[in-house]
Amino acid sequence: MTEEQYYAYYRDIWATRKRAQAHGQCMCPKSKTWMCDGDCLACEFRAAGDNLSLDYTVEDGEGNQKSWADNLQDDTPDAQSIMEDRELLCALYQKLQELDPEGRRICELIMEGKSERDIASIMGYNNQSAVNYRKQKAFDRLRVLLGDYI
């Protein structure tokens with residue numbers, strides 16, 4: 001094995017061990033580091049470190065024990081917000097049809113995740129500033145058309 005291959009293989013293992021040591025998760029003695037394979041989850045020298053559980057309890061001002069999980073917000077959307085989003089999306093697609101063809105095409109390309117540089121090359125513009133100007137013009141028009149929804 002060459003020295004290059006050795007370092008290429010162990011570089012990630014050493015980085016993993018250093019990160020685990022910095023967070024108090026690796027308690028591997030110096031005499032055993034040669035056994036480290038970078039799999040900290042299966043290591044016999046693994047410690048909890050600075051990770052905290054959501055089950056960790058704290059006492060509130062009234063002396064009640066509460067876990068951190070009790071304070072988590074529910075990110076599940078409710079039916080009303082789903083319906084509002086659907087209505088806004090339908091209105092957006094309808095109002096996109098009212099834009100000029102150039103503005104509509106720019107908006108479609110933006111929704112596909114294209115950058116301004118890509119849009120400029122696709123639409124045959126010389127630079128991104130032309131796309132940026134037309135994009136702002138289309139967005140301003142959409143803001144006016146979607147005024148009731150925004």
Side-chain angles (χ1 to χ4, degrees), residues 1-93 95-96 102-143 146 149-150:
M1 173 184 286
T2 67
E3 188 174 339
E4 231 174 69
Q5 291 171 327
Y6 173 81
Y7 283 112
Y9 178 78
Y10 279 104
R11 187 173 291 119
D12 290 336
I13 292 173
W14 294 333
T16 301
R17 186 172 65 238
K18 280 282 198 199
R19 209 171 16 259
Q21 287 172 343
H23 290 282
Q25 297 167 343
C26 180
M27 297 302 196
C28 187
K30 187 102 172 141
S31 63
K32 302 285 186 178
T33 56
W34 63 272
M35 293 176 19
C36 184
D37 61 356
D39 186 9
C40 293
L41 295 176
C43 183
E44 64 181 296
F45 302 109
R46 186 175 193 285
D50 58 6
N51 292 335
L52 294 176
S53 169
L54 290 177
D55 294 327
Y56 180 77
T57 57
V58 291
E59 198 169 300
D60 64 4
E62 299 171 0
N64 300 324
Q65 294 287 325
K66 294 178 69 175
S67 74
W68 287 355
D70 294 338
N71 294 334
L72 291 177
Q73 293 181 350
D74 185 15
D75 292 337
T76 309
D78 59 345
Q80 181 180 353
S81 66
I82 292 172
M83 293 301 291
E84 288 170 356
D85 289 346
R86 180 176 168 82
E87 184 179 343
L88 177 61
L89 187 61
C90 289
L92 176 63
Y93 279 117
K95 300 302 180 185
L96 274 173
E102 188 177 62
R104 183 173 48 245
R105 181 68 178 140
I106 288 174
C107 290
E108 288 170 355
L109 292 170
I110 289 171
M111 287 189 286
E112 290 175 14
K114 303 285 186 196
S115 68
E116 286 184 4
R117 180 175 292 160
D118 294 338
I119 294 171
S121 66
I122 290 170
M123 296 193 65
Y125 297 130
N126 293 335
N127 54 32
Q128 292 173 235
S129 60
V131 173
N132 189 22
Y133 172 75
R134 287 171 176 79
K135 177 183 81 169
Q136 288 304 319
K137 200 170 150 184
F139 283 6
D140 290 342
R141 178 74 178 133
L142 283 173
R143 276 189 204 95
L146 294 170
Y149 297 96
I150 299 178

> Side chains of Q136 and N132: does their closest heavy-atom pair fall under 4.5 Å?
Replying inline: yes

> Side chains of K18 and W14: closer than 4.5 Å at any heavy-atom pair?
Replying inline: no

> Can you tell me if NZ on K137 sees more than 12 non-hydrogen neighbours from other groups inside 6.0 Å?
Replying inline: no

> Does CG in N126 sit with more than 12 non-hydrogen atoms of other residues, nucleotides or ligands closer than 6.0 Å?
Replying inline: no

> Measuring from L96:CG to L92:CG, what's the distance to the nearest 0.5 Å?
Replying inline: 4.5 Å

>> More than 12 heavy atoms of other residues, nucleotides or ligands under 6.0 Å from CE of M83: yes or no?
In response: no

> Can you tell me how far the CZ atom of R17 sits from the OH atom of Y10, to the nearest 0.5 Å?
Replying inline: 9.5 Å

> Out of D140, I119, I106, L109, which residue meets the side chain to side chain contact (heavy atoms under 4.5 Å, CB included) rule with K135?
Replying inline: I106

> More than 12 non-hydrogen atoms from neighbouring residues, nucleotides or ligands closer than 6.0 Å to CD on Q80, yes or no?
Replying inline: no

> Considering only heavy atoms from C-beta outward, does the side chain of C107 approach that of L142 to under 4.5 Å?
Replying inline: yes

> For the side chain of R134 and the backbone of A130, is there at least one donor-acceptor N/O pair under 3.5 Å apart?
Replying inline: yes

>> Could you go through D118 and S121, starting from their C-alpha distance and side-chain angles, then the distance that decides it, and tell me whether this counts as side chain to side chain donor-acceptor pair (under 3.5 Å)?
In response: CA-CA 5 Å; D118 294 338; S121 66; 4.9 Å; no

>> salt bridge (charged side-chain N to carboxylate O under 4.0 Å, His left out) for E102 and R105? Distances and angles first, verdict last.
In response: CA-CA 5 Å; E102 188 177 62; R105 181 68 178 140; over 6 Å; no

>> Quick check on E112: does its CD atom have over 12 non-hydrogen neighbours (other residues, nucleotides or ligands) under 6.0 Å away?
In response: yes

> Which distance, rounded to the nearest 0.5 Å, do you find between the CZ of R104 and the CD of E108?
Replying inline: 6.5 Å

